[in-house]
Each structure stands twice: as structure tokens, then as C-alpha cells.
Amino acid sequence: MRILIVEDDDETAAFVEAGLALRGHSVERAREGREGLARGLARPYDVLILDRMIPGLDGVAIISRLREEGVATPALFLTFLSGIQDRVDGLAAGGDDYLVKPFAIDELAARVEALARRPQLGVSPTRLAVGVLEMDLVARKVRRGGREIELQPREFQLLEYLLRNAGKVVTRKMLLEHVWNYDFDPHTNIVETHMSRLRAKLDADGRSGPIRTLRGAGYSLRVEG
């Protein structure tokens, strides 16, 4: 298995390299963030091991950039940062696992091997874009043609589902199930009300709206230039 470790501490890197090499793995090392990013983009690895606090680019910035570029290689953060928010930030950026220093090499090896066995279904993107309409799933921001649009949480969820299904017909039943988690029809105009509010915000610049109503079928988000 080919593994890339991005770690500026020589002692830690040597410990990890030796421990994984003994288990038959091929380990490459980058000493700073920009080198790690370049290596991660340039060649395929089975697993990435990233420190959070490294020169150049930190580990969170590296994994964010890799995920933006479509690199789905499983990534484990290996760091002294042990707070809950530190873990949340690392996983939200696209990390798959998080191990705090000091650590046992047996546990690290087990986690790395578990990540490598995980089916590669593709990374869930942190940004969605259809034409000039863009959504940042981490920052929770939406822009249309560069104009930032403030959305309420349910409006954000509604637009996210439409973006993920751009060009397809999305029925009212699908929206109730996937946005509101209803497995029944509440016989209210909840979908129509939120769709109307979302449209008003998206269309506030006077441009033709990206959401189309298909009478008797549902809704569709069209690709706009």
C-alpha cells in the first residue's frame, strides 16, 4: 500500500515510516504543506496521513484543496490538536479519521488499513455549482453570479437537494422525503411556500430564475451560464 505522510517533525515522521514499512507499506513523506498538496495532486496514494500544524499549508487547507480537485484518497489527521472543534473542522474539511498524538503505531496502522479497505464511493464535494449558482457546504454560503444570497437553513437544504439533482425532475414527494424527512404527505403547502421564498431570493437581481416548475411533475434546476 502506498501512503503519503505530511509531517514536519522528523522524529514523528521516522517513527511512522518505520512502523508502516515493517507492515509492508511504501511510505513517502512531505515536510511542508505545499509539497504535500503537490504530491497528493500529482500521484495516486492509498491513504494520506496529515498533521494539522505544518508550515506552508496546514492539514485542513491541504485536504480542502484536494477534495475541491476531486481527489478522494482517504485521509487521516495525526495531530496534537485534540479539541472537539478541532476534530469537527478536520472531518468537515474532508478528512476521514482523526488520531491524536501521542499515539501507538499499532493503532495508527490499524486505522490506516481500515481506511484503505473502505469502498471508494467518491468524496462528497464541499462545493456544488450549476452554472453561475454556487454553494459552499462547509461555509454554508450561496452565490449566484458572484452575488451572495442569505438563506434560512431549510431554504439551504432545499437548494442543496436541487443542486445535487440539477437537470432532473424533482417531485414534491422527493422533497418532502429528503428535505423534510417526511414519509407521508402532510397535505400542506410547505414545499410551495419554501420554494417561493427561495425563488424570490435567487431572482432578486432581476435575472430569469434557475428553478423551473413543471406543471403536474415537480421542479427542475436548469443549468445557467
Side-chain angles (χ1 to χ4, degrees), residues 37 40-41 57-73 75 84-96 120-225:
L37 175 62
L41 290 171
L57 290 174
D58 66 23
V60 168
I62 293 171
I63 199 62
S64 295
R65 291 281 299 278
L66 290 173
R67 296 312 188 223
E68 288 171 12
E69 296 297 327
V71 177
T73 308
I84 292 176
Q85 191 58 51
D86 297 317
R87 295 170 186 264
V88 168
D89 291 344
L91 297 174
D96 299 278
Q120 293 300 299
L121 302 178
V123 68
S124 178
T126 59
R127 286 180 173 79
L128 301 175
V130 175
V132 298
L133 186 59
E134 303 171 85
M135 172 178 283
D136 186 323
L137 297 170
V138 176
R140 311 293 289 180
K141 291 183 178 179
V142 173
R143 290 183 176 82
R144 186 183 183 203
R147 175 178 65 90
E148 189 166 330
I149 301 168
E150 294 290 335
L151 298 180
Q152 295 298 315
R154 191 69 74 181
E155 296 163 354
F156 190 94
Q157 289 177 271
L158 180 56
L159 181 59
E160 179 184 348
Y161 190 75
L162 291 171
L163 282 165
R164 291 187 184 277
N165 293 276
K168 302 176 184 177
V169 176
V170 175
T171 66
R172 185 175 186 275
K173 183 175 183 295
M174 290 165 67
L175 292 172
L176 286 170
E177 289 179 355
H178 294 280
V179 178
W180 279 270
N181 296 316
Y182 289 165
D183 56 4
F184 63 95
D185 189 338
H187 299 295
T188 69
N189 63 349
I190 187 172
V191 173
E192 292 75 14
T193 298
H194 281 81
M195 191 68 76
S196 176
R197 292 173 182 166
L198 176 60
R199 275 181 158 148
K201 292 181 178 182
L202 292 178
D203 305 349
D205 56 5
R207 303 176 63 180
S208 175
I211 301 175
R212 294 189 302 155
T213 299
L214 307 174
R215 197 171 298 278
Y219 304 92
S220 178
L221 187 74
R222 66 183 179 87
V223 177
E224 51 180 356

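Only this structure's heavy atoms are used, side chains among them; waters, hydrogens and symmetry mates stay out. The structure displayed is predicted, hence computed values, not measured ones.
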Check your understanding: For A166 and V130, which heavy atoms make the closest approach, and how far apart are they?
Key -> CB-CG2, 3.6 Å
Check your understanding: Can any side-chain N or O of S196 pair as donor or acceptor with the backbone N or O of E192 at less than 3.5 Å?
Key -> no
Review point. Partners of L41 by side-chain contact (heavy atoms from CB on, under 4.5 Å), sequence neighbours excluded?
Key: L37, L66, E69, V71
Check your understanding: Is E134 paired with K141 through a side-chain N to carboxylate O contact shorter than 4.0 Å?
Key -> no
Point to revise | Residue pair L221, N165: steps toward the side chain to side chain contact (heavy atoms under 4.5 Å, CB included) verdict | key: CA-CA 8 Å; L221 187 74; N165 293 276; over 6 Å; no
**Study point:** Any donor-acceptor pair under 3.5 Å from R144 side chain to I149 backbone
**Key:** no
Exercise for review: Check whether any side-chain N or O of R154 sits under 3.5 Å from a backbone N or O of V179 as a donor-acceptor pair, and report yes or no.
Suggested key: yes
Practice item. Could you tell me whether the side chain of D96 and the main chain of A75 form a donor-acceptor pair under 3.5 Å? Key: yes
Exercise for review: Sequence neighbours left out, what passes ring pair (Phe, Tyr, Trp, His ring centres under 6.0 Å) with Y161? Give chain and number order.
Suggested key: H178
Exercise for review: Return yes when atom CZ of R87 has more than 12 non-hydrogen atoms of other residues, nucleotides or ligands closer than 6.0 Å, and no otherwise.
Suggested key: yes
Check your understanding: Counting N and O atoms only, with roles assigned by atom type, does the side chain of R143 sit under 3.5 Å from a partner on the main chain of V132, one being a donor and the other an acceptor?
Key -> no
Exercise for review: Compare every heavy atom of L202 with every heavy atom of P210, then report the nearest pair and how far apart it is.
Suggested key: CG-CD1, 4.0 Å
Revision key, fill the gap. In short, L158 meets L175 closest at the heavy-atom pair CD1-CD2, 3.6 Å
Review point. Would one find more than 12 heavy atoms of other residues, nucleotides or ligands at under 6.0 Å from atom CD of E150?
Key: no
Review point. Minimum heavy-atom separation for E160 to L137, with atom names?
Key: CD-CD2, 3.7 Å
Check your understanding: Taking NZ, NE, NH1 and NH2 as the nitrogens, is one of them in K201 or E155 under 4.0 Å from a carboxylate oxygen of the other?
Key -> yes
